[in-house]
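The structure appears below as structure tokens.
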Amino acid sequence: IPMGVFSLPENTFLIFMEWTTRLFWTSDMAMSSLTGVVLTDGSVQFELRFIFKRYLKTWLALDTFIVVSDWMELIASGANGAGAFGKLSRSFRIVRVVRLLRLVRMREVMEQITERVQSEKLSFVISIFKLTAAIVSIAHIIACLWWGIGNSDNLESWVVQSKFENATLDIKYLVCLHWALSQFTGGMDEITPQSALERFYAVVIWIVAFNVAAIIVSTLTSSLTQLHIIGGARSRQLSMLRKYLKQNAISSNLALRMQRSAQHALSADLTADLIELLPVVSESLRAEMHFEMYSVALRNNPFFAWCITDSPQVMRRICHYAMTTLLLSNGDIVFTKGEAPSEPKAYMVMKGNLEYLWAGQATQIFEKTWVAEACLWTSSWRHQGALTATNDAKLASLDVKTFHEIAQRF
């Protein structure tokens, strides 16, 4: 829209983009009235009445005004500028400026995309991209307005004095964009305002650009500090470990092995008890999370795969209340031969390899394999062999007692 000050010639690309945006925002109104809404507590509301009522209170009025003006402009322009339709078409072209308010909705879209990113480093990269896009967008608007002010009949304008009135379109735009971007760093000497209006505009833009640049720098600093704090917590833990090993005169070889083991543990999978915010999340969302975590493992068992399809509500409770994650390191023993566990569990290997030793024979246990499943169907169970991790492994454990209690209710 701001590029209109450059008197862009009609071409296939511009016509295509105009129709694309017109059809997109028209269809977006229908989709906004039908798409489920994620509430602040994490729940999803699918009721059409609630969705439409929320849309009515937020974006419906603006979207209707812009979409209707788009189509009315198209209808009015079909009259070839004759009579009242020509005046109406020119009025709708002025209304096009309101389309810029759609950029406010992009903030919601970017927030939704950022919330889906689970890597701190990738989040930092996305924040840099967002700030860069914001700078370029602001500079684009500033550049277009700068050309609009200078491209007047005044012979003292910067366009005339710098001899850009007959330049090509790309040169005009790039010169204005260069001037706009330079305002974020103090301005430029190649192009200077000539008239009082241009001088006033330059002063206002410099004040705006100064504040925007300060906000961007502070945001980047805050993001870097947050990233440093996250990495600093691990560094402090390793520093305390090195200090403890030194105070107790641990040999250098053993200390090196322990430090590497600690570093590996810090980079390995996390257990639920280490996540401080997890208990404050609503139980319904945690139940849904556990179902997504463990249903993949349960589907490898034909019986549980049938239960997930036939009775998903029961399996959700089993995943939430009866299943936990067990993280193992190389050499960790899960159970030994002859052991009668007080709390018997069945295990499903989600990641890594283990070794099952029975009657002097070692059997390799790989991913998607069930171990000690028989304890689910017996009143008392005693392990007949020993299970040991041969590398870092992740197991899903199913508590037998809790499983029986949930199954009996249904």
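Since the structure is predicted, the reported quantities are computational estimates derived from the model, not experimental observations.
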- Do the two ring centres, one from W370 and one from F304, sit under 6.0 Å apart? yes
- Task: Taking all heavy atoms of N330 and all of A389, pick out the closest pair and write down the distance.
- Result: OD1-O, 3.4 Å
- Would you mind reporting whether H320 and R286 have side-chain heavy atoms less than 4.5 Å apart? yes
- Please name the pair of heavy atoms, one in A139 and one in A180, separated by the smallest distance, quoted to 0.1 Å. O-CB, 3.3 Å
- Message: Does either side chain, that of N253 or that of S251, offer a donor lying less than 3.5 Å from an acceptor on the other one?
- Response: no
- What are the two closest heavy atoms between A346 and C375, and how far apart are they? N-SG, 3.8 Å
- Heavy-atom distance under 4.5 Å between the side chains of L398 and M348, does that happen here? no
- Message: Can you confirm whether F164 sits close enough to S157 that some side-chain heavy atom of one is under 4.5 Å from a side-chain heavy atom of the other?
- Response: no
- Message: Determine whether the aromatic ring centres of residues Y55 and W59 are separated by less than 6.0 angstrom.
- Response: no
- Do you know the tightest heavy-atom contact between K345 and A372? O-CB, 3.9 Å
- Closest heavy-atom pair and its distance - G186, W206: CA-NE1, 3.8 Å
- Message: Parallel, tilted or perpendicular, judged at 30° and 60°: which one describes the rings of W147 and W158?
- Response: perpendicular
Return all side-chain donor-acceptor pairs below 3.5 angstrom for residues 353-366, not counting sequence neighbours, or 'none' if the list is empty.
{"from": "Y356", "atom 1": "OH", "to": "G385", "atom 2": "N", "distance (Å)": "3.1"}

- Query: Do the rings of F303 and W377 sit parallel, tilted or perpendicular, given the 30° and 60° boundaries?
  - Reply: perpendicular
- Note on the structure: So CD1 of I215 and CG of L220: to nearest 0.5 Å the spacing works out to 12.0 Å
- Relative to each other, are the rings of W19 and W71 parallel, tilted or perpendicular (30° and 60° limits)? perpendicular
- Message: Can you tell me how far apart CD1 (I126) and CG (L131) are? Round to the nearest 0.5 Å.
- Response: 12.0 Å
- Would you mind reporting whether L181 and I135 have side-chain heavy atoms less than 4.5 Å apart? yes
- Note on the structure: Contacts of E190 meeting salt bridge (Lys or Arg N to Asp or Glu O under 4.0 Å) (sequence neighbours excluded), chain-then-number -> none
- Between S311 and Q313, is any pair of side-chain heavy atoms under 4.5 Å apart? yes
- Task: Drop me the distance from R316's CZ to E292's CD, to the nearest 0.5 angstrom.
- Result: 8.5 Å
- Item | Closest approach of T192 to D189 (non-hydrogen atoms, all atoms of both residues) | CG2-O, 3.8 Å
